[in-house]
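In this text the structure is predicted, and so the values were computed from the model without any measurement. Each ligand, and each atom within it, is numbered from 1 in the order the structure gives.
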Amino acid sequence: MPGRTRTRARALAAVALGCALAAGTATAAHAAPAAPTETAAETERAQQSGLREPADELGLRMGTAVSAHLLDQQVYRDTAATEFNFITHENSLKWESVQPQRGQYSFADADRIMEFAQANDQEVHGHTLVWHSQLPSWVEDGNFSEAELTEVTTDHIETTMGRYAGEIATWDVVNEPFNEDGTFRDSVFQRTLGEDYIAQALTTADSVDPDARLFVNDYNIEGINAKSDGMYALAESLLDQGVPLDGVGIQGHLVVGQVPGDVRQNIERFTDLGLEVVITELDIRMDLPVTEAKLERQAADYALVMDACLSVPGCSGVSVWGVTDAHSWVPDVFEGQGAALPIDEAYAPKPAYWAISGALGGATGPGTGDPDEPGEPGEQDCLVTYAVTSHWGQGAVVDVTVRNDTGEPVPDWSLTWTQPAGERITGAWNAQVVQSGSEATATPVAWNGTIAPGGSVTFGMQIEHGGEAASPAAFALEGQTCRTG
Ligand code: G3I
C-alpha cells in the first residue's frame with residue numbers, strides 16, 4: 001500500500017488541547033473539576049477515531065468543507081471533528097460573504113469556523129480570495145480601472161488574509177482561472193488586469209502572510225488534459241518568474257465510473273515542479289437512486305483518488321466537499337445526481353468511507369482492521385476503558401471512556417454497569433451518573449449527547465471505596481455489552 005510508506009508531507013499541528021481534558025480530570029482528586037468546555041469534549045473525540053486517526057498517523061491532511069450555520073447541529077460538529085483534521089470554509093470566506101459591500105467586511109461565519117477548527121486542533125484551508133463566482137456585483141459590475149481594481153483586490157486580500165495570518169495554513173488565492181481548453185477564463189479580473197492578476201494576487205498574499213502556503217485551485221484538472229496542461233503552464237511560468245506559488249489545488253468534483261486513470265501522473269508532474277498538491281474538494285457523484293453496485297464502484301473510485309495522492313510524497317491532503325451527503329452541493333446543481341460523499345445523509349459510513357479508511361491504513365469496514373480498530377469480528381461494538389487517575393485513602397477519581405464502534409452515531413447514549421461492592425459514586429462530570437444500589441447509569445450532558453461513529457466520550461467520577469478502587473466487571477452501551485480495555 002503506497003500510503004503506508006509515504007513520506008510525511010507536512011507535520012500536522014501538534015495535538016495540544018486533548019491534554020487539557022486529561023489534565024483537568026487528573027487534578028480532580030479532591031474536588032471534581034468544573035465541566036470542561038464543549039470545545040475540550042469535542043477535541044477529545046476528534047483525536048480518537050474515524051478517518052482522522054489514520055490520516056494523522058500518515059501526516060496527511062484529511063479534510064472536509066464546513067458551513068458555519070450547520071455548526072448548530074451537534075452531530076455535524078461531532079462528525080466534522082472526529083473524522084477530519086483539515087477544514088475548508090465552504091462559503092464563508094468567499095468575497096460575497098466577507099465583503100458584500102465595498103469596505104464593509106463581515107467575518108462572523110468565517111470566525112465561527114475558525115473557532116471550531118482551532119478548538120478541534122484542525123488545520124484550516126482558506127477558500128478563496130480571487131474568484132469570478134460568488135463575487136458581489138459592486139466588484140463584478142464596478143467598471144473599475146486597472147489601478148482601481150488592483151487597489152480593491154489588494155485591500156480584499158490584505159484584510160481577509162490579514163485577519164487570519166498565522167492561523168490559516170493554506171489558501172486558494174486564486175480559484176478557477178481556466179476554461180476547459182486551458183485558456184484563461186474571462187472574468188472581471190482577467191479582463192481588467194490581464195492574466196497577471198494571478199501573479200499579483202499571489203504576491204500580495206505572500207506579503208500578508210509569508211508562512212501561508214499559496215495555491216491556485218481549479219476543477220476538471222484531475223487527469224492530464226487541456227485544462228490541467230493550462231494549469232501546468234501557469235505554474236511553470238509563475239515559478240520561473242519567482243512568484244510565490246506553493247501549490248496546486250485539484251478540486252476533484254468527479255463522477256462515479258469516470259475517474260481519470262492518470263490522476264497520480266498528473267499530481268506527480270506538479271510535485272516535480274516542487275509544488276505541493278492538495279485534492280481540495282473531492283466528491284464523486286452518481287445518478288440516483290443509489291444502488292449497492294454504484295456504492296461499490298464509488299468506493300473503488302475514492303480508493304483510486306486516495307491512492308493517487310498517497311503515492312506521491314508532495315500530495316499533502318485530500319478534502320471532501322461536505323460532511324455528509326445531506327450537505328453536498330451536488331443535488332442542487334446536477335438534477336438527478338447525488339450521494340457523492342463518503343458518509344450518507346444519516347451519518348452512516350458508506351463503502352467509500354471504508355475505502356478511504358483502508359487507503360489510509362485504517363479499517364476497511366466494520367469487521368476488519370487490527371484488534372484495536374472499530375468492529376473487529378467477534379467483538380462487541382463498543383469499547384470502555386475505566387482508568388483510576390487518582391487515589392487516596394478511601395477515595396479515587398476515575399476516567400471512563402466509551403468508544404462507539406458501530407459505524408452509526410449513538411444519540412442520547414446510556415452506559416450501565418455494576419459498581420464493585422462497597423463502592424459509592426459521590427460525584428461525576430461530563431456525564432450524569434446515577435447509582436441505585438450497585439447499579440450505575442451514565443447519560444450525557446449538553447455537549448456530548450451523541451457518540452459519533454468511531455468517536456468516544458470521556459467522563460469522570462469520584463468514588464468512595466473501602467480502601468481499594470476496583471474496576472467494574474462489565475459495561476453496556478444501550479444495553480449491549482462492550483469490550484473493556
Ligand atoms: O446564503 C444564501 C441564503 O441566504 C439563501 O437563502 C439561499 C437561497 O438559495 O442561498 C444561499 O446561498 C447559497 C450558498 O451556496 C450558501 O449556501 C447559494 O445560493 C449557492 O449558490 C451557494 O452554493 C455554493 C457554490 O459553491 C457557489 O458557487 C455551494 O454551497 C458550494 O459548495 C460551492 O462550492 C464550490 C467551490 O467554492 C469552488 N469549486 C466548486 C464548488 C462547487 O460548486
Side-chain angles (χ1 to χ4, degrees), residues 63-73 76 80 84 86-101 104-113 124-137 139-140 156 160 168 170-180 185-189 198 201 214-222 227-228 230-231 247-256 258 277-286 305 317-343 345:
T64 189
V66 162
S67 281
H69 69 280
L70 294 170
L71 290 174
D72 291 341
Q73 299 171 23
Y76 181 87
F84 304 103
F86 188 48
I87 295 291
T88 302
H89 303 70
E90 184 169 359
N91 288 301
S92 58
L93 275 177
K94 291 172 179 175
W95 197 314
E96 73 172 9
S97 307
V98 161
Q99 196 190 178
Q101 303 295 332
Q104 290 179 18
Y105 285 90
S106 163
F107 290 107
D109 283 352
D111 283 355
R112 191 169 181 206
I113 291 174
V124 177
H125 184 64
H127 175 80
T128 175
L129 294 164
V130 180
W131 186 28
H132 67 277
S133 183
Q134 285 181 284
L135 189 62
S137 56
V139 183
E140 177 100 55
H156 182 75
T160 307
I168 292 188
T170 49
W171 274 98
D172 291 332
V173 176
V174 177
N175 196 39
E176 301 176 0
F178 289 105
N179 294 314
E180 295 304 295
R185 178 197 286 274
D186 179 52
S187 72
V188 68
F189 303 106
I198 300 172
L214 308 180
F215 284 65
V216 176
N217 187 48
D218 216 324
Y219 61 92
N220 286 351
I221 59 164
E222 292 71 31
K227 194 171 184 180
S228 65
M231 180 68 97
V248 168
I250 295 177
Q251 292 187 5
H253 295 295
L254 296 167
V255 177
V256 166
Q258 295 176 33
V277 169
V278 174
I279 311 285
T280 48
E281 304 181 14
L282 182 61
D283 48 30
I284 310 184
R285 61 187 183 268
M286 62 180 70
V305 177
V318 177
S319 195
V320 297
W321 202 243
V323 173
T324 80
D325 284 337
H327 313 116
S328 168
W329 69 294
V330 168
D332 293 340
V333 173
F334 297 97
E335 206 184 331
Q337 296 182 51
L341 290 165
I343 300 176
E345 285 104 335

If you measure from OG1 on Thr160 to CG on Leu129, what distance do you get to the nearest 0.5 Å?
6.0 Å
Is it true that Asp172 and Trp131 share a donor-acceptor pair across their side chains at a distance under 3.5 Å?
no
Applying side chain to side chain contact (heavy atoms under 4.5 Å, CB included) between Val216 and each of Val130, Val173, Ile198, Thr128, report the one that passes.
Ile198
Step by step, work out the side chain to side chain contact (heavy atoms under 4.5 Å, CB included) result for His327 and Trp321.
CA-CA 9 Å; His327 313 116; Trp321 202 243; over 6 Å; no
Check the orientation of His125 and Phe215. Use parallel for under 30°, tilted for 30 to 60°, and perpendicular for over 60°.
perpendicular
Tell me the closest heavy-atom pair linking Ala340 and Asp325, and the distance in Å.
N-OD1, 3.2 Å
So which residues, sorted by chain and number, lie with a heavy atom under 4.0 Å of ligand 1?
Glu90, Asn91, Lys94, His127, Trp131, Ser133, Gln134, Asn175, Glu176, Gln251, His253, Glu281, Trp321, Trp329
